[in-house]
Amino acid sequence: MTVKELFETMEYGPAPESAAEALAWLVDGGDRFGHFIDGRFTAPTDGFESRNPATGEVLATLSQATREDVDAAVAAARRAQAKWARLGGHGRAKYLYALARLIQKHARLFAVLETLDNGKPIRESRDIDIPLVHRHFYYHAGLAQLMESELPGHVPHGVCGQIIPWNFPLLMLAWKVAPALAAGNTVVLKPAEYTSLSALLFADICREAGLPRGVVNIVTGEGAVGEMIVNHPGIDKIAFTGSTEVGRKIRAATAGSGKALTLELGGKSPYIVFEDADIDSAVEGLVDAIWFNQGQVCCAGSRLLVQEGIAPRFYDKLRARMDKLRIGDPLDKCIDVGAVVDPVQLQTITRMVEEGGAEGEIYRSAAPLPEGCYYPPTLITGLSPASTLMQEEIFGPVLVGTTFRTPAEAVQLANNTRYGLAASVWTENVNLALDIAPKLVAGVVWVNATNLFDAAAGFGGMRESGFGREGGWEGLHAYLRAGGATKPLKQIPPEGKPEEPEVADPLDRTAKLYVGGKQARPDGGYSRSVYSPRGRLLGHVGLGNRKDIRNAVEAAQGAKGWAKTTGHLRAQILYYIAENLSARTAEFTERLRGLTGQQEKSARAEVEAAIARLFTYAAWADKYDGAAHSVPIRGVALAMNAPVGVVGALCPDEMPLLGLVSLMAPAIAMGNTCVLVPSEPYPLAATDFYQVLDTSDLPAGVVNIVTGSHSELAPALAGHMDVDACWCFSSTELSAVVERASIHNLKRTWVNYGRARDWMGAQGEGREFLRAATEVKNIWVPYGE
Amino acid sequence: MQSDPQTLDHSPAAAALPQLGHARNPGMALDMDWVRAQQANTSAIERRTAALPARRSVKKDHQAAWLLKAITLIDLTTLSGDDTAERVRRLCAKARQPVRADLLAALGMGPIHVGAVCVYHEMVEPAVAALEGTAIPVAAVSTGFPAGLSPYPLRVQEIRESVKAGASEIDIVISRRHVLSGDWQALYDEMREFRAACGAAHVKAILATGELGTLRNVARASLVCMMAGADFIKTSTGKETVNATLPVSLVMMRAIRDYWERTGHRVGYKPAGGISKAKDALVYLALLKEELGDRWMQPDLFRFGASSLLGDIERQLEHHVTGQYSAAYRHPMG
């Protein structure tokens with residue numbers, strides 16, 4: 001068209017970004033790439049093709065890693081690790097800083113390569129992905145620098161196996177590699193097979209930075225390679241970002257292996273619009289929520305909840321906005337929606353909408369849709385919570401919507417999901433926003449915004465969206481563990497029945513279960529006799545079963561109002577428990593002596609330690625502060641320490657009173673409710689203890705005690721889908737059982753892997769317990785009038 | 001003081017105005033529910049306007065066409081105490097022929113002219129004379145411009161004088177104090193009377209957004225002025241500390257869209273002050289295209305209030321034609 005014609009039509013026209021430099025980099029690599037192991041690229045082997053989804057063109061041939069390749073990568077990482085850790089925080093910070101600088105210097109090359117490989121619009125890779133990548137390395141250079149002074153006593157896990165998805169290839173690499181390296185780990189990373197190229201360019205950058213060999217290793221290939229990493233005995237920690245389905249498999253595969261695990265999985269994040277919101281801005285926000293990266297975003301605001309009164313007008317405005325989106329060549333700077341990553345993903349999206357869309361009203365953007373791997377921005381309204389598409393993650397540019405009437409209903413609908421990754425809340429009412437945000441089950445909440453990310457604020461989910469955080473101080477903990485040697489824990493069996501039981505007092509004292517603030521008989525109707533080591537019959541203890549666990553969990557769920565109480569009140573109650581326990585020191589000392597046969601002095605020491613522990617967590621109850629993260633917006637990111645929910649715990653056998661108190665106190669101090677399975681051989685300290693609880697103003701159901709066999713109760717407790725975390729410090733080998741059973745709702749687990757813990761000492765209390773009892777929830781509140 | 005929409009001018013003369021391509025906004029009764037419901041979330045609005053330039057870029061021939069279009073949307077302005085009739089005649093000559101003929105020929109374009117010439121009242125007559133025989137309207141700033149604090153009857157009379165002198169567009173300034181004190185009825189009444197005083201001349205309501213305190217106030221003031229019958233809403237006098245900005249523009253465009261969706265009447269938009277680069281003009285046009293659509297990209301619904309923007313566009317056009325960066329002295333001054 002001539003200028004004169006364009007003067008009339010006022011069209012945008014093409015604004016292509018050149019791919020020349022990125023293509024030249026591929027040609028320099030021979031269009032064939034090996035793995036990056038021990039600081040060198042291996043010779044390329046035949047593997048698979050990496051294609052540009054926008055055109056279908058082959059960009060390069062990549063190698064499919066074999067077991068030998070993975071072994072070599074793990075061995076290289078292992079060889080490099082100790083030296084890398086010994087380099088110290090400042091030494092590592094220098095390398096991370098160099099990586100940040102180099103990525104920034106090659107920013108456009110990375111951005112173009114990413115767009116070629118993934119199909120995302122160049123605007124996004126250039127203005128969002130890559131800037132967040134170098135920001136992540138800069139930030140973690142800082143964490144490395146400060147780690148030794150700020151987190152003494154912590155050591156790296158060792159070798160980390162990291163598996164990342166295709167939606168943000170380089171950004172996910174940064175989220176994995178930067179904290180791992182900062183903490184002193186070395187890594188074996190597998191990029192997604194669709195999008196490995198930017199990881200290989202990153203490998204090149206590692207060489208330019210002079211990063212010691214073996215610190216970063218990158219192996220390419222399909223899911224099978226990921227499996228090899230997950231199951232590799234030489235790996236100490238697995239970090240995975242991807243689908244919930246694969247995350248569940250990884251949890252099962254690593255159960256009992258002792259490998260640390262963090263999972264960042266799927267989502268169906270609510271996008272809540274209240275009637276007093278800035279409607280036009282909320283509509284515009286959806287462009288960044290669900291049409292960002294073609295909706296292939298784990299935290300995409302994919303579930304629209306609009307207040308009834310404004311819904312028709314909101315939908316009208318939204319449809320009009322959808323028609324304005326520009327879909328097409330991802331390398332065009334004037335494009336909003338690029339190509340879907342692969343024809344396979346396009347088919348998945350198409351099939352899901354075909355199968356589930358008919359339940360609602362489908363609107364597709366009227367914008368022209370190019371031929372090829374593209375899906376139109378789509379809105380499906382009129383769905384109900386029961387509709388499949390309201391529940392299942394689509395991972396495409398498809399928004400589903402429904403309405404709500406009241407703030408309470410908005411929260412109910414928002415939380416009516418197996419996921420818990422992110423949420424957006426739109427309202428001009430600060431009271432409403434700050435009331436709703438903490439009630440949403442989500443690791444990240446954006447107020448009047450969406451998809452804001454920064455290295456300084458942790459990102460990660462609740463429920464089946466996974467566990468662990470990436471970013472911020474909270475994210476660094478995923479790559480650290482407590483230092484110090486541990487000893488194996490010997491199993492302590494219950495005292496067997498003596499030939500001639502000695503009955504000291506014929507007056508029967510019946511120890512029951514403690515459920516919902518009441519004593520309860522075990523459902524099965526069985527009891528076990530408890531003897532002292534010298535054969536004295538001490539009493540009987542109920543043998544709880546899975547139904548007792550069910551009842552206890554129900555009671556714990558019913559007591560969730562506990563989370564809304566103030567830290568001050570929880571502290572008062574913990575002090576009161578301590579006070580009441582203290583009044584019965586002699587009795588508990590005697591009980592512990594009887595059960596374990598220990599000396600009076602050590603039994604009394606345990607009681608006194610339990611009282612001190614209650615004081616510790618009473619102290620913490622109103623002092624485990626969150627943070628106001630320093631994120632680069634005008635606003636704050638409030639990192640709140642929210643209770644995990646219902647904590648199920650198999651208590652230590654060896655210290656029947658202190659062990660139970662050590663788990664119960666941090667849990668309830670942080671606002672959790674709990675189901676405790678006390679020491680199996682010595683259960684009567686716990687059943688005496690509920691009398692203390694009964695007289696300490698603790699609301700019914702906050703603490704529930706189910707006695708019985710650990711191996712019988714562990715699968716029921718760890719498998720219960722209304723339990724949010726399961727801790728196991730039993731002397732029975734149940735770590736694998738608990739971790740395996742946890743896959744159903746992907747609950748957080750904390751197990752001892754058969755290692756002993758010094759409950760009397762520093763290992764028995766502190767921040768490690770508080771971290772386990774809380775989820776860091778980041779609430780982003782941009783402000784400004 | 002409130003006048004009935006029916007009493008406003010619908011004479012054939014109004015319909016004959018060269019810039020008129022649509023029915024004038026007759027206004028409506030003040031709807032306070034609607035006004036009070038206006039929200040403007042500053043952070044979200046700033047994110048949108050910050051991202052927009054990177055989302056939309058116009059290149060090559062398209063860019064040349066957009067820049068030519070921008071010229072036709074300029075209210076070429078002089079608002080100085082030392083303005084003289086001769087100075088205004090020079091400006092009008094530039095308005096008739098804003099781009100060198102050889103550049104237009106190279107671009108394959110016929111003659112174009114700017115959207116209007118904008119002057120103080122005393123300069124209306126020389127401007128009208130100088131533009132005789134063209135379709136270029138003369139706009140007069142009015143109502144005690146820029147502060148709007150002269151006696152009210154004089155402000156209304158000033159409009160009548162300018163219309164009498166031949167101005168076919170009147171850029172009035174609103175009383176900011178009505179906005180700041182929340183006296184929306186007073187703002188409505190004032191605007192209504194200004195509009196009535198304009199008769200067939202088009203009225204642009206200058207909100208002086210830099211003095212309204214919040215974007216929410218900008219949204220509300222926009223709406224009230226449209227309800228009172230403004231043909232255009234305009235950001236600034238160019239004399240405030242902060243003049244046209246993208247966030248303010250987004251808020252005003254969204255208000256215009258809302259008003260159009262609910263009443264069916266199109267109101268024009270004029271950002272003024274501080275838009276001096278060709279690149280900025282492209283961003284404003286992209287925002288306009290995105291938020292209001294192509295229909296608004298015409299002089300009857302959009303103007304740039306600018307004095308130095310034209311010079312930068314001329315240089316960019318020469319660069320487009322020759323491939324070499326240009327210099328200011330190569331282009332005739334106004």
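Heavy-atom basis, side chains included; hydrogens, waters and symmetry copies ignored. In what follows, chains carry the letters A, B, and so on, assigned in the order in which the sequence lines appear, proteins first and then strands, with residues in each chain numbered from 1.
By the 6.0 Å contact criterion, CZ on A:R405 is open, its count of non-hydrogen atoms from other residues, nucleotides or ligands being 12 or less. More than 12 heavy atoms of other residues, nucleotides or ligands lie within 6.0 Å of CZ in B:R177, so this atom counts as buried by the packing criterion. Counting non-hydrogen atoms of neighbouring residues, nucleotides and ligands closer than 6.0 angstrom, the CH2 atom of B:W34 exceeds 12 such neighbours. No more than 12 heavy atoms of other residues, nucleotides or ligands shown are found within 6.0 angstrom of CZ on B:R330.
In this structure, the side chain of B:W66 engages the main chain of A:E11 through a donor-acceptor pair within 3.5 Å.
Neither the backbone nor the side chain of A:I279 comes within contact range of chain B; no heavy atoms are under 4.5 Å apart. For B:K60, no part lies under 4.5 angstrom from a heavy atom of chain A. Contact annotation for B:E46: only side-chain heavy atoms (C-beta onward) come within less than 4.5 Å of a heavy atom of chain A. Only the side chain of A:L452 comes within less than 4.5 Å of a heavy atom of chain B; its backbone N, CA, C and O stay farther away. Heavy atoms of A:D332 lying under 4.5 Å from chain B are absent altogether. Neither the backbone nor the side chain of B:R36 comes within contact range of chain A, judged by heavy atoms closer than 4.5 Å. For a residue to count as touching a neighbouring chain, one of its non-hydrogen atoms must lie under 4.5 Å from one of that chain's; by this rule B:Q63 does not touch chain A. With a 4.5 Å cut-off on non-hydrogen atoms, A:A277 touches chain B through its backbone but not through its side chain. For A:D336, the parts lying near chain B are the backbone and the side chain together; criterion is any non-hydrogen pair under 4.5 Å. Using a 4.5 Å cut-off between heavy atoms, B:A37 makes no contact with chain A at all. Proximity to chain B (any heavy atom under 4.5 Å) is restricted, for A:R321, to the side chain, taken from C-beta onward.
To the nearest 0.5 Å, atoms CG (B:L52) and CD (A:E284) are separated by 8.5 Å. Rounding to the nearest 0.5 Å gives a distance of 8.0 Å between CG of B:L250 and CG of A:D280. The CZ atom of A:F7 lies 14.5 Å from the NE2 atom of B:H62; values are rounded to the nearest 0.5 Å. B:S57 contributes atom OG, which lies 11.5 Å from atom CZ of A:R123 (distance to the nearest 0.5 angstrom). With values rounded to the nearest 0.5 angstrom, A:Y12 atom OH is found 5.5 Å from B:K289 atom NZ.
Your options are B:E291, B:E261, B:R47, and the one with the most heavy-atom pairs under 4.5 Å with chain A is B:R47. When each of A:E124, A:R313, A:E5 is checked for heavy-atom pairs under 4.5 Å with chain B, A:R313 comes out on top. With chain A as the partner, the residue from B:M297, B:E290, B:R257 showing the most heavy-atom pairs under 4.5 Å is B:E290. Taking A:M1, A:M10, A:K4 one by one and counting their heavy-atom pairs under 4.5 Å with chain B, the maximum is reached by A:M10.
Of all heavy-atom pairs spanning B:N41 and A:D278, the tightest one is N-OD2, 2.7 Å. In plain terms, the two heavy atoms of A:N448 and B:A44 that are nearest each other are O-CB, 4.2 Å. For the residue pair A:V3 and B:A65, the shortest heavy atom distance occurs at O-CB, 3.6 Å. Shown here for A:K324 and B:R56, the closest heavy-atom pair between the two residues is O-NH2, 3.6 Å.
Annotation: side chain of A:P14 is not in contact with side chain of B:K59 (no heavy-atom distance under 4.5 Å).
A donor-acceptor contact under 3.5 angstrom links the side chains of B:R254 and A:S281, judged on distance only.
A salt bridge between A:D288 and B:R48 is absent, with no side-chain N of the basic residue lying under 4.0 Å from a carboxylate O of the acidic one. By the 4.0 Å N-to-carboxylate-O rule, A:K317 lies close enough to B:D258 to be salt-bridged with it. Comment: B:R216 engages A:E428 in a salt bridge, judged by a side-chain N to carboxylate O separation of less than 4.0 angstrom.
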Intermediate values then yes/no, side chain to side chain contact (heavy atoms under 4.5 Å, CB included), B:V58 and A:K333: CA-CA 9 Å; B:V58 187; A:K333 287 175 263 192; over 6 Å; no
